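Predicted model, so just to flag it, every value in this text is computed and none were measured.
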Amino acid sequence: MRKNILITGASSGLGEGMAREFAALGRNLALCARRTERLDALKAELLQKHPGLTISVRALDVNDHAQVFSVFDAFAQELGGLDRIIVNAGVGQGKRIGTGHFATNVQTAQTNFVAALAQCEAAVGILRKQGQGHLVTISSMSAMRGLPKHLTAYAATKAGLATLTEGIRAELLGTRIKVTTIYPGYIHTELNAGAKNLPFAVDSEKGSRALVKAIEREPAKAYVPGWPWAAVGFLLRNLPLRLVARMS
């Protein structure tokens, strides 16, 4: 059993939801995000519901790469090791390419890919020293293909993260370190609160429960929820680009 679990971006959305689900399973948690007041509130809530757990919270801006390494190492020392590290922190913003919004798109690239690389570096360093553990990255169904409009940069960052994760998995084959890529479909969170059309969307509680169930299996990759997103993933990968663009 993966007893000590680190989750980045745990102050809201999928990170917060996964923290609740893992706490219900009796796991100790290392939670980090920029908004420490929300982490403190979440910690108090979880300890009230699940007394006896160890829940540690720390401030972390994942774009501060040195801080990523120091926070991960501090969590590992405090909890006596980390059994699972979930690279979840990210942003959902993006603008059409070539419309004068480079600053927005580069911020998305830095947070969703470069900062994720820093988290993976820090995580795998810890897991190598331990000789065991589980690295999980939260990609997106958008990673299946290049997408138009405001999704172009976002989809590219999530595809990059998925490829990075697969490379880490290839590197660690034959070791006691497991590596999983999660491709969530539409799950209602603060990140997409303003979106008007989210086909097959599920609420945050159901989505978080499905995420944790998939992570617990420790597969190489998982589409969440499995139905209909495994089928949607197949279509996205194989349909002509013109049709994929219309679907987007």
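Salt-bridge annotation for E218 and R2: present, with a side-chain N of the basic residue lying under 4.0 Å from a carboxylate O of the acidic one. Using a cutoff of 4.0 Å between basic side-chain nitrogens and carboxylate oxygens, R128 and E171 are scored as salt-bridged. Between E166 and K221 there is no salt bridge, since no side-chain nitrogen of the basic residue lies less than 4.0 Å from a carboxylate oxygen of the acidic one. Taking a cutoff of 4.0 Å between a charged side-chain nitrogen and a carboxylate oxygen, R84 and E216 qualify as a salt bridge.
Nearest heavy-atom pair, R27 versus L53, reported as atom, atom and distance to 0.1 Å: O-CD1, 3.6 Å. Residues L161 and I138 come closest through the heavy atom pair CD2-O, 3.5 Å. The minimum heavy-atom distance linking S139 with A162 is given by the pair OG-CB, 4.0 Å. For the pair L135 and V87, the tightest heavy-atom approach, listed with the atom from each and the gap, is CD1-CG2, 4.0 Å. Here the closest non-hydrogen pair linking M247 and L236 is CE-CD2, 4.1 Å.
Checked by atom type, the side-chain pair S56/E78 shows a donor-acceptor distance below 3.5 Å. Side chain to side chain, R169 and T180 fail the donor-acceptor criterion of an N or O pair below 3.5 Å. Remark: the S12 side chain and the R35 side chain contain an N/O donor-acceptor pair separated by less than 3.5 Å.
The CG atom of N105 sits 12.0 Å away from the CZ atom of R96 when rounded to the nearest 0.5 Å. Atoms CG and CD, on L39 and E16 in that order, are 9.0 Å from each other to the nearest 0.5 Å. In this structure, the separation between CG on L46 and CG on L31 is 7.0 Å, given to the nearest 0.5 Å. Atom SG of C32 sits about 9.5 Å away from atom CG of N88, to the nearest 0.5 Å. Of the inter-residue distances, the one linking K149 atom NZ with T99 atom OG1 reads 13.5 Å to the nearest 0.5 angstrom. Separation of atoms CG (L117) and OG1 (T137) is listed at 12.0 Å; rounding is to 0.5 Å.
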Problem - Worked verdict on T104 versus Q107 for side chain to side chain contact (heavy atoms under 4.5 Å, CB included) - result: CA-CA 5 Å; T104 298; Q107 182 181 8; 5.6 Å; no
Handout entry: L82/I5 under side chain to side chain contact (heavy atoms under 4.5 Å, CB included): CA gap, chis, key distance, verdict
Key = CA-CA 6 Å; L82 295 170; I5 300 176; over 6 Å; no
Problem - Candidate pair Q67 and V62, rule side chain to side chain contact (heavy atoms under 4.5 Å, CB included), full reasoning - result: CA-CA 7 Å; Q67 189 184 36; V62 294; over 6 Å; no
Exercise for the section: Evaluate the criterion side chain to side chain contact (heavy atoms under 4.5 Å, CB included) for residue pair L164 and F113; output intermediate values, then yes/no. Expected result: CA-CA 9 Å; L164 172 67; F113 183 75; 4.2 Å; yes
Which atom pairs, donor and acceptor, lie under 3.5 Å between side-chain atoms of residues 206-213 and protein residues at least two apart or in another chain?
| unit_1 | atom_1 | unit_2 | atom_2 | d |
| --- | --- | --- | --- | --- |
| S208 | OG | S204 | O | 2.8 |
| R209 | NH2 | E205 | OE2 | 2.9 |

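By the 4.5 Å heavy-atom criterion applied to side chains, I126 and K129 are not counted as neighbours.
For K3, the NZ atom is densely surrounded, since the number of other residues' heavy atoms within 6.0 Å is greater than 12. Within a 6.0 Å radius of CZ in R237, other residues, nucleotides and ligands contribute more than 12 heavy atoms. No more than 12 heavy atoms of other residues, nucleotides or ligands sit less than 6.0 Å from atom NE2 of H150. No more than 12 heavy-atom neighbours from other residues, nucleotides or ligands sit within 6.0 angstrom of CD on Q48.
In this structure, T175 contributes its side chain and L172 its backbone to a donor-acceptor pair below 3.5 Å. D83 places a side-chain N or O within 3.5 Å of a backbone atom of N4 that can act as its donor or acceptor partner. With hydrogens and angles disregarded, a donor-acceptor distance shorter than 3.5 Å links the side chain of T8 to the backbone of A89.
Partners of F102 by ring-ring contact (aromatic ring centres under 6.0 Å, His included), not counting sequence neighbours: none found. Under the ring-ring contact (aromatic ring centres under 6.0 Å, His included) criterion, Y223 pairs with Y183, not counting sequence neighbours.
V114 and V106 end up in different hydrophobic clusters when Ile, Leu, Val, Met, Phe, Trp and Tyr side chains are linked at under 4.5 Å. Linking Ile, Leu, Val, Met, Phe, Trp and Tyr whenever their side-chain heavy atoms come within less than 4.5 Å puts I168 and L6 in one cluster.
You'll find the ring centres of Y186 and W229 inside the 6.0 Å limit.
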